[in-house]
Amino acid sequence: MDKVVTRFPPSPTGYLHVGGARTALFNWLYARHTQGRFVLRIEDTDAERSTQASVDAILEALEWLGIDWDDGPYFQSRRMDIYNEYIGKLLESGAAYYCTCTPEQLEEMRKMAKEAGGKPKYDGSCREKGLEKTDGAVVRLKAPVMGTTVVEDVIKGNIVFQNDELDDFILLRSDGIPTYNYAVVVDDITMGINTVIRGDDHVNNTPRQILLYKALNIPLPAFGHVPMVLGNDRSRLSKRHGAMSVTAYRDMGFLPDALLNYLVRLGWSFGDQEFFTRNELIEKFTLDNVGKSAGIFDMEKLQALNADHIKAASPRYVSKHLLPFLKEAGCEAEEGEFLDKVVLTLNARSKTLKEMAEGALFYFPDTVSYDEDASKKFLMESILEPFKLLIDELKSLDDFTEKALETPFKTVMEKTDLKFGKIAQPLRVALTGKTVSPGIFEVLEALGKEKVIKRLEKAVQYIESR
RNA sequence: GUCCCCAUCGUCUAGCCUGGUCCAGGACACCGGCCUUUCACGCCGGCAACAGGGGUUCAAAUCCCCUUGGGGACGCCA
């Protein structure tokens, strides 16, 4: 078989939303899995709504997700010559014709058809008139009136449409700009696309597009329609269901790999496996494991998966994505061993990077500020002596690792006859300012000898000056 | 209204094609318990589904039909 060529064709009328990202992902994964090619095409034939800002936003989102393309981005707005060339062919062969019906007339036709209990459609008034090109005329496809058109969908199976359900749809608008159904087909043909994977909502467009391929006498690509993503009320996912844009998820602290993992599992499965790395996805993704029914976007499952990815990823990968959140919180951290250690203490306790950043803040400043209730409860005079002893012990400890740190504690516990818990909680407050933090030995090691002693001494001072 | 698609725990899903191994498995969420220096992680256990009705068959979650429910499409948007 020929090399698989897939594509993702967003229209630049807004940001990239999660549904679109999922479609892109399916196409990208399939191309990567088959070692085929993945093409990016911007469908900007709607001059009214298309903007450069949207193009930029979409590219930015794709890049963040790590979905890369081999070809493009192509812009439909720059391909008018090609569309005209094919229109010429269709006109010449009699497969298309000019139509001068006005929008008002069309509206009337649709109304009539609907009242007659049928599907609103164009009645073919100009079909046999043999009209010439005139100002304001559109070009329509002369579609077959009888017979059926079958979509051989690789995901849903065969879908049969009665041709009399379809009408002579418009190829070229009165302003000479191609319509979606037409531009898509010409582009897919000229770009060598042989596998079209797209949302379920395009099923009804497919027979029209097939008719065009036939009129042009060009072999069909494989079609696969993936089920849609719904909101929690089972209606089409929209803003009122919460965040839609990919970048919003980035800003909430999700890892791109986690979003990808979640999105692909919504509609695709590989046995009971839930967690996939990017490479595993490429290795295991096939179209026959894509399901047929729509799925509901579930934030909680995304979070759980994000937590898993945070745990499983390398500290360096996590810290790279964590950095913006730390900066945002006014913290001047940088990539490196220290940050890696910090991440290691928090990766099992963070569902998002945002959460992780909050939990990591105490590591950085020179002086910690104590949570009021925490200091009142734990930084009492009775802890002064243990703290002082601990400072002495720690000062003489060179190997500042979790394991080695246990010894000074034992010593202090013996000398003061205090249980570990009695020391740990005050120490936690002295070091982190809070009563909740990673394990105390983890904090100790990550913070390092110098900072630990400094913070302990400051705590002693604080208690004594009260 | 017309056409198209879909239907397993609350949610994502395995199983369905190639009926019996399924009084239906996993995951998220939820509820218990264990671990424990806080919070988490982890571990153990629990709750919870084949939409309904007809067939076919010795046997149906699995095959067929109908009903119901949900979704999508009907634009000189994509």
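We name chains A, B, ... by the order of the sequence lines, and we start the count at 1 in each one. Values below: all heavy atoms of this structure, side chains included; hydrogens, waters and symmetry mates excluded.
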Side-chain donor/acceptor contact of [X] with base of [N] under 3.5 Å:
{"X": "A:Ser437", "N": "B:C39", "answer": "no"}
{"X": "A:Arg349", "N": "B:C41", "answer": "no"}
{"X": "A:Asp200", "N": "B:A73", "answer": "no"}

Remember a base hit wins even if backbone is also touched, and classify [X] as base, sugar-phosphate or nothing at under 4.0 Å, heavy atoms.
{"X": "A:Ile170", "answer": "base"}
{"X": "A:Gly267", "answer": "sugar-phosphate"}
{"X": "A:Asn205", "answer": "base"}
{"X": "A:Cys101", "answer": "base"}
{"X": "A:Phe441", "answer": "base"}
{"X": "A:Ile440", "answer": "base"}
{"X": "A:Pro9", "answer": "nothing"}

Give me the distance, rounded to whole Å, that separates [N] from [M] when you measure between the [atom1] atoms they each carry.
{"N": "B:G55", "M": "B:U62", "atom1": "C1'", "result": "15 Å"}
{"N": "B:A24", "M": "B:U18", "atom1": "P", "result": "25 Å"}
{"N": "B:C47", "M": "B:G26", "atom1": "C1'", "result": "16 Å"}
{"N": "B:C23", "M": "B:G15", "atom1": "C1'", "result": "16 Å"}

The side chain of [X] lies closest to which of these nucleotides: [options]?
{"X": "A:Asp298", "options": "B:U11, B:A29, B:U37", "answer": "B:U11"}
{"X": "A:Lys311", "options": "B:C28, B:U38, B:C41", "answer": "B:C41"}
{"X": "A:Glu43", "options": "B:C6, B:A78, B:U2", "answer": "B:A78"}
{"X": "A:Lys119", "options": "B:G72, B:C76, B:C3", "answer": "B:C3"}

Using a cut-off of less than 4.0 Å, is there contact between a side-chain N or O of [X] and OP1 or OP2 of [N]?
{"X": "A:Ser293", "N": "B:G70", "answer": "no"}
{"X": "A:Arg234", "N": "B:U11", "answer": "yes"}
{"X": "A:Thr435", "N": "B:U38", "answer": "no"}
{"X": "A:Arg265", "N": "B:C28", "answer": "no"}

Subject >> Within 45° cone of A:Tyr98 ring axis and under 6.0 Å: A:Arg140 NZ or CZ >> reply: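 Relative to the ring axis of A:Tyr98, which defines the angle, A:Arg140 lies outside at least one limit.
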Original post:
Within 45° of the six-membered ring axis of A:Phe441 and under 6.0 Å from that ring's centre, is NZ or CZ of A:Lys403 located there?
Top reply: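 Output no; distance or angle outside limits.
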Any strand counts, and the cut-off is 3.5 Å on both contacts for Watson-Crick or G-U wobble. Which nucleotide pairs with [N]?
{"N": "B:C35", "answer": "none"}
{"N": "B:G1", "answer": "B:C74"}
{"N": "B:C58", "answer": "B:G20"}
{"N": "B:A7", "answer": "B:U68"}

